[in-house]
2 protein chains.
Amino acid sequence: MKRSIVEIQQAIRFNLFHMLQAAARAEDTGVPAKGLTGQAYEGHYFWDTEIYLLPFLIYTSPRIARNLLAFRYKMLPQARARAKELGHRGAMFPWRTINGEEASAYYAAGTAQYHINADIMYALRKYVQATGDEAFLRDFGAEMLVETARLWVDLGFYSAAKGGKFCINGVTGPNEYNAVVNNNAYTNLMARENLHYATEVVESLQALEPDAYNALVRKTAIEPSEAKAWIRAAESMYVPYDEKLKIVPEDDNFLDKEPWDFRNTPADHYPLLLFYHPLNIYRKQVIKQADVVLAMFLLGDVFSPEVKKRNFDFYDPLTTGDSSLSSCVEAIIAAQIGDIDKAIRYGMAALLMDLADVGGNVKDGCHIASMGGTWMMLTYGFGGMRDDDGTLSFWPRRPPEENAVLRFPVTYRGQLLEVEIGLEKVEYTLREGERLVIRHETEEVELTRENPVAVRTVSRG
Amino acid sequence: MKRSIVEIQQAIRFNLFHMLQAAARAEDTGVPAKGLTGQAYEGHYFWDTEIYLLPFLIYTSPRIARNLLAFRYKMLPQARARAKELGHRGAMFPWRTINGEEASAYYAAGTAQYHINADIMYALRKYVQATGDEAFLRDFGAEMLVETARLWVDLGFYSAAKGGKFCINGVTGPNEYNAVVNNNAYTNLMARENLHYATEVVESLQALEPDAYNALVRKTAIEPSEAKAWIRAAESMYVPYDEKLKIVPEDDNFLDKEPWDFRNTPADHYPLLLFYHPLNIYRKQVIKQADVVLAMFLLGDVFSPEVKKRNFDFYDPLTTGDSSLSSCVEAIIAAQIGDIDKAIRYGMAALLMDLADVGGNVKDGCHIASMGGTWMMLTYGFGGMRDDDGTLSFWPRRPPEENAVLRFPVTYRGQLLEVEIGLEKVEYTLREGERLVIRHETEEVELTRENPVAVRTVSRG
């Protein structure tokens, strides 16, 4: 159904409101999967916070973003205990929790999601990069980085069968329809990021802030050899690649699986997990939610545009979107590869997840992750925002609706940028701050207090 | 500790007694894992019955063996319902049960053991072959064969990634330290056997016993095309083989796993499952109980002596024997490949499992499977008994104890054979019956009422 601009605007505000309501007083608590709107998931917190909600908060309410990361930090003792319980070194953050302890009773789609560790460290890096809050990194982040990096080197191993590469077996990626697999691409890529960041931060503290480094040694008993082991694992990290299809397989065995019989799956048998035994789902080639596609969004620099398109074209038809964490990410990558029709379709599904009850379960509460994803779909997706390399950049690819304007604020290192994307022009305005260098498409743009506005043409195609 | 012949004889009788006590009145019931000796496993029945206990009963008390197979047949309605519940055609016998319904709450090491179906059909074939009870096969066995064969063709698929071979993904083999894997060699080989036998029996009924075939059609609605699909799957069955190590890998990924750190595993941390999280166990190269090695015993004809030895040498050091189903099978294969020292060591562990409390849990009851395995270790192992091709054969490889004799009776198609294996001679005596042709090593031996005794020299080396 075609929605009017007014309806869309209203839906966006509805999403923003619920995120803010759920997060505004998150002081020493996390944001539950349903925010303040329902009791599903018993008020538990998931990685939804770090990957789906935090970007919005980091770029609009960094104080709250910090609260949520501090909340994770407070759970570090339980994460350390959980790692020990599982026989690992380091710390292992839970898949679902309310007090820091793992509250999942089903390890295959819960605890086995080791990627949670890397997701939290990914959000930490984004937060530090966008806010410049080096104090938080030094006082809390570094300790989490040490313990998560320790877990990765303990978990993986150098596999002779894979040419000596560092492999991570027996984990579950974001796609919960494919449990306990070897070398989940998402996990390996995010773990590599985690290891690189941990090394970088620890080495920087050691070189430049001896007091902070000594404090870190007291807190973690870190030894100089450890960072070397991290960087070695990161540099040897195995990332699956299929030479024939020229795509990144979800894991070592994903391409060997029997295709799911979508044709004979009744429309009322979704989400599949409510109608089929997990054994039946896990052995088939079927995806609950973006997995490799999520990696392509989070680690945009790792994938060439050609691989992005091939991966998306391969995974999109296999993706049920049975999780509300999927549509928004699919929309972003669709926009990036220039498939605006699909980006709009998935984007509308994310936007209207709760208002139009797309998932059929809004009675249990709103989908905070999808709400955060909606903001990401608009900014990262149609706005083409990127922050991978420390410079904020934009490459808009918005829907061709003549009478609509996409306007959003972005807080970056204490300055306030407003982006307004019209049909053919985009206007960047520095509302607060002295000087901000951003990138429009491939061009550097300098905004200053004296010259706060820059207007650029949006390229097409 | 060195045991005297008297102690060994006593232990053997202790084992035989408990099996007979547990099974003698098995009329409309199964034999619980602990027999009548304890409450562990809540009185539930497992595939232990068919693979570990039934051979003893088939060859010594065929009436009871028939009762136990009839008991399985009575569970067919529940097995059909369970298959449907899992989304499969055919029937799916439970991993653990007391009333025919799956009573396992942990699918990864329970329900995922699809091989149970094939194990029961394997025992059926052994029973029919050893007793000639074609009536049981016709009236009950055929129906189970149809439904189990249906399950296999529904479960597997022709995999493009494996050159069009028939693959079975997402199952757990006998080794419960390696759950939900692809192409478990044991499962694929046993399923192939199941499919071949089902085809053979159905085609034979169709050709020779039209009334019985029509009855089967009424009971199963079998269509003529089905047997063709079974034989095609059987003939295309994928069996993993590693060209480099020249062994049969346990499954598609077993050789990619990180080795278990046996050196740093404290002796009091066995069985591993009580001390390590399943995720940690499953991702490592470690074996609870004979898996490929069990297949080598059950399907002796499939493996060349060289492959048997290479497989055993590869798997033996990785096998914890944390299950009481392991030692007896290891002993048999060790004896077959001529490693008599190891055969004795494993054989003694099986023999004394309960009397010497090898597993440390005899307070919970005796290990009926290991008791059956003890009988198999003596007959199939040291006696070198084989029945794969329909002729009973013997190739003794007994321990070199001068003052011991290994003597056992074997009931075969209503006749009674006694085998007495001395240090250098073996004596075969037909105690009851008209004529029995057996094989000693490679030589055919005919025993008749007139000439009931044959003495042969045991070859060495």
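Computed from a predicted model, the values in this text were never measured in an experiment.
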How about OH on Tyr270(A), more than 12 heavy atoms from neighbouring residues, nucleotides or ligands closer than 6.0 Å, or not?
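It does: Tyr270(A) OH has more than 12 such atoms within range.
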Just so I understand: if I count every heavy-atom pair under 4.5 Å between each of Lys162(B), Glu85(B), His88(B) and chain A, which residue has the most?
His88(B)
Scored by heavy-atom pairs under 4.5 Å with chain A, the best of Phe275(B), Tyr106(B), Tyr158(B) is Tyr106(B)
Minimum heavy-atom distance Leu255(A)-Ala161(B), with the two atoms named
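Shortest heavy-atom contact: O-CB, 4.2 Å.
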Minimum heavy-atom distance Lys257(B)-Phe157(A), with the two atoms named
C-CZ, 3.8 Å
Using non-hydrogen atoms only, which part of [X] is less than 4.5 Å away from chain A: side chain, backbone, both, or neither?
X	value
Ala179(B)	neither
Tyr282(B)	side chain
Asp256(B)	both

For a 4.5 angstrom cut-off between non-hydrogen side-chain atoms, does [X] reach [Y]?
X	Y	value
Asn253(B)	Asn253(A)	yes
Arg283(B)	Val171(A)	yes
Lys284(B)	Asn169(A)	no

Top of Val180(A), Asn183(A), Leu155(A) for chain B proximity - count of heavy-atom pairs under 4.5 angstrom
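Of the candidates given, the most pairs with chain B belong to Leu155(A).
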Hey, what do you get for CG (Leu279(A)) to OG1 (Thr172(B)), rounding to the nearest 0.5 Å?
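Leu279(A) CG to Thr172(B) OG1: 7.5 Å, rounded to 0.5 Å.
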Which atoms of Ala108(A) approach chain B - backbone, side chain, both or neither, heavy atom under 4.5 Å:
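For Ala108(A), the side chain is the part near chain B, not the backbone.
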